[in-house]
Structure formats: structure tokens, C-alpha cells
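Reviewing the structure listed below.
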Amino acid sequence: MKNRVPLLVPLALSLLLSGCAAAAGSTGPSAPAESPAPAGPAAGGHAYHHGSATASPPASTAGPSEAAKMVCGDQPMDRLTTILSLSQNPHTVSSWANSTFTCTYHLPEGALIISVQEAPDQAKAQTYFDAMQALATDATLIEGLANLGFPAYETAGSAVFQKDNFVLQVDASALPAAVGPHAISPNELAYQLSTTILACWVEHH
């Protein structure tokens with residue numbers, strides 16, 4: 001991770017300064033009635049959001065907040081198509097279950113999955129984040145300027161950030177080791193998309 005920090009930090013900081021071009025409605029985090037229940041390792045995907053040996057919380061009937069739905073919005077889509085020099089926007093599929101909004105981008109090389117766990121408050125989000133990190137395989141803290149002041153870590157091909165009552169994961173682990181015309185790694189792609197989404201949340205909070 002240290003090798004990429006000098007290159008990506010200026011980009012991340014500029015994204016936070018420039019923010020998002022368009023709002024996606026009200027961005028106040030929703031408050032699901034249930035507490036999140038982390039359930040499995042973060043490595044290799046987002047299975048910990050969808051069932052486990054322990055009881056999962058019931059799905060919120062309120063639906064995802066507008067802020068959570070930004071992960072399937074114009075800003076990450078535009079950033080993704082720019083980074084990978086795509087000729088058209090990839091097909092996406094979104095879902096809402098167990099207080100988690102998930103957006104899957106179907107790329108030619110494989111699926112890119114961005115998910116947001118919405119907790120009732122920041123303390124419960126931190127608890128969920130800590131449990132994810134503890135269960136993750138080979139989790140490495142994202143430290144210094146690279147974490148933009150938020151709790152963050154990465155695993156092979158994914159980046160996880162916690163902000164307010166949200167836990168954001170960008171999972172590019174299904175993609176090849178070198179992606180796009182600039183041959184960036186899945187971790188670099190995950191990090192860049194994470195900072196794009198965080199910029200949206202910072203601007204519209």
C-alpha cells in the first residue's frame with residue numbers, strides 16, 4: 001500500500017476539495033431500526049453482508065438513504081469509466097438487504113461490488129467496521145493522509161472506510177491483477193472509487 005500512497009493522496013485530496021458535481025437528493029443517513037451484524041470475513045467479496053452462522057438483522061423497511069444510493073450514481077460511474085477508459089457505462093444491479101445497499105458493476109473483466117452498510121448511529125457503524133476488520137484476511141490499515149481522516153483498511157482487492165453511520169466497501173477482488181489501459185491494481189481501483197464516494201458524502205453531508 002505504501003508504494004501507491006504518494007500518487008493517490010493528491011488525487012484523493014483534490015476529490016474531497018472539488019466534491020461531487022451533482023446531488024442525489026437528501027443525503028441525511030437513514031436510521032434503520034436494527035443493529036448491523038457482521039458475519040464473516042471481508043476477504044474475497046462481500047459475503048459477510050448476506051447471512052452467516054449467526055442471526056442476521058431483519059431488513060429495514062425504510063430502504064437505503066439517498067447517500068447510500070450514491071454508490072450506484074453518476075460520480076462513481078463517471079470515475080470508473082474514466083479510469084478504465086470504457087466506451088460506455090457498465091451495466092449495474094443494485095439491492096437492499098440487511099441494512100446494506102449493494103451496487104454491482106458488471107465489467108468485461110469481472111464484477112466490481114460496492115456496498116454500504118447503514119447503521120443506526122456512528123458508534124454501531126464503528127463496531128461493525130471493527131468486526132469486519134477483525135474477521136478480514138490480511139487486513140492492512142490505510143494510514144496517514146491516505147485514509148482522509150476516516151477509519152480504513154484494505155484487503156486483497158478491496159478497500160473499506162467508515163464514515164458517520166456508514167461502512168463503505170469497494171470490492172474489486174474479482175478483477176485481474178492489472179485493470180484498464182493504465183494497468184492499475186484492483187486495490188488502486190478500489191481506493192480511487194472509495195475516495196470519489198467519500199467526496200460525495202463530505203460535500204452533501
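Below, all heavy atoms of this structure are taken into account, side chains as well, without hydrogens, waters or symmetry copies.
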> What's the verdict on side chain to side chain donor-acceptor pair (under 3.5 Å) for Asp171 and Ser173, showing C-alpha distance, side-chain angles and the deciding distance?
Replying inline: CA-CA 6 Å; Asp171 182 1; Ser173 61; 2.6 Å; yes
Least distance between heavy atoms, [X] atom then [Y] atom:
X: Gln133; Y: Ala139; value: O-CB, 4.0 Å
X: Cys72; Y: Tyr105; value: CA-OH, 3.5 Å
X: Leu84; Y: Pro181; value: O-CD, 3.4 Å
X: Ala190; Y: Ala159; value: CB-N, 3.8 Å
X: Pro76; Y: Leu193; value: O-CD2, 3.7 Å
X: Thr104; Y: Ala111; value: CG2-CB, 4.0 Å

Atom [atom1] of [X] and atom [atom2] of [Y]: how far apart are they, to the nearest 0.5 Å?
X: Asp74; Y: Cys200; atom1: CG; atom2: SG; answer: 9.5 Å
X: Asp130; Y: Gln162; atom1: CG; atom2: CD; answer: 8.0 Å
X: His182; Y: Leu189; atom1: NE2; atom2: CG; answer: 12.0 Å
X: Ile83; Y: Thr196; atom1: CD1; atom2: OG1; answer: 6.5 Å

Are any of the side-chain heavy atoms of [X] and [Y] separated by less than 4.5 Å?
X: Thr140; Y: Thr155; result: no
X: Val202; Y: Phe150; result: yes
X: Met70; Y: Trp201; result: yes
X: Tyr128; Y: Met132; result: yes
X: Tyr191; Y: Asn187; result: no
X: Ser94; Y: Lys69; result: no
X: Leu168; Y: Val160; result: no
X: Met77; Y: Thr92; result: yes

>> If you apply the rule side chain to side chain contact (heavy atoms under 4.5 Å, CB included), what do you find for Thr100 with Val167, and how did you get there?
In response: CA-CA 9 Å; Thr100 301; Val167 178; over 6 Å; no
Got a sec, which residues hit side-chain hydrogen bond (donor to acceptor under 3.5 Å, both in side chains) with [X], two or more places apart in sequence or on another chain?
X: His91; value: His106
X: Gln122; value: none
X: Asn89; value: none

>> One pair to check against side chain to side chain contact (heavy atoms under 4.5 Å, CB included): Ile113 and Val170. What are the steps and the verdict?
In response: CA-CA 6 Å; Ile113 302 168; Val170 179; over 6 Å; no
>> Please evaluate residues Thr102 and Val71 with respect to the criterion side chain to side chain contact (heavy atoms under 4.5 Å, CB included), reporting the C-alpha separation (whole Å), side-chain torsions for both, the decisive distance (0.1 Å), and the verdict.
In response: CA-CA 8 Å; Thr102 302; Val71 304; over 6 Å; no
> Quick one: do the Ser65 and Glu118 side chains pair a donor with an acceptor below 3.5 Å?
Replying inline: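 Per modelled atom types, Ser65 and Glu118 side chains form a pair under 3.5 Å.
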>> Checking Asn147 against Glu143: is there a side-chain donor and acceptor pair closer than 3.5 Å?
In response: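 Short answer, no.
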>> Check for me whether the distance between the ring centres of Tyr153 and Phe161 falls short of 6.0 Å.
In response: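 Centroid distance Tyr153-Phe161: not below 6.0 Å, so no.
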> If Ile, Leu, Val, Met, Phe, Trp and Tyr residues are connected whenever their side-chain heavy atoms lie under 4.5 Å apart, and connections chain through other members, are Leu175 and Val93 in the same group?
Replying inline: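 No; tracing contacts between hydrophobic side chains, which count when under 4.5 Å, never links both residues.
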> Backbone N or O of Ala123 within a donor-acceptor pair of the Asp121 side chain at under 3.5 Å?
Replying inline: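 Between the backbone of Ala123 and the side chain of Asp121 there is a qualifying donor-acceptor contact (under 3.5 Å).
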> For Glu154, does its backbone N or O pair with a side-chain atom of Ser158 as donor and acceptor, under 3.5 Å?
Replying inline: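 The answer is no, because no donor-acceptor pair under 3.5 Å joins these two groups.
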> Yes or no on side chain to side chain contact (heavy atoms under 4.5 Å, CB included) for Lys124 and Asn165, after CA distance, side-chain angles and deciding distance?
Replying inline: CA-CA 7 Å; Lys124 289 185 174 61; Asn165 67 320; over 6 Å; no
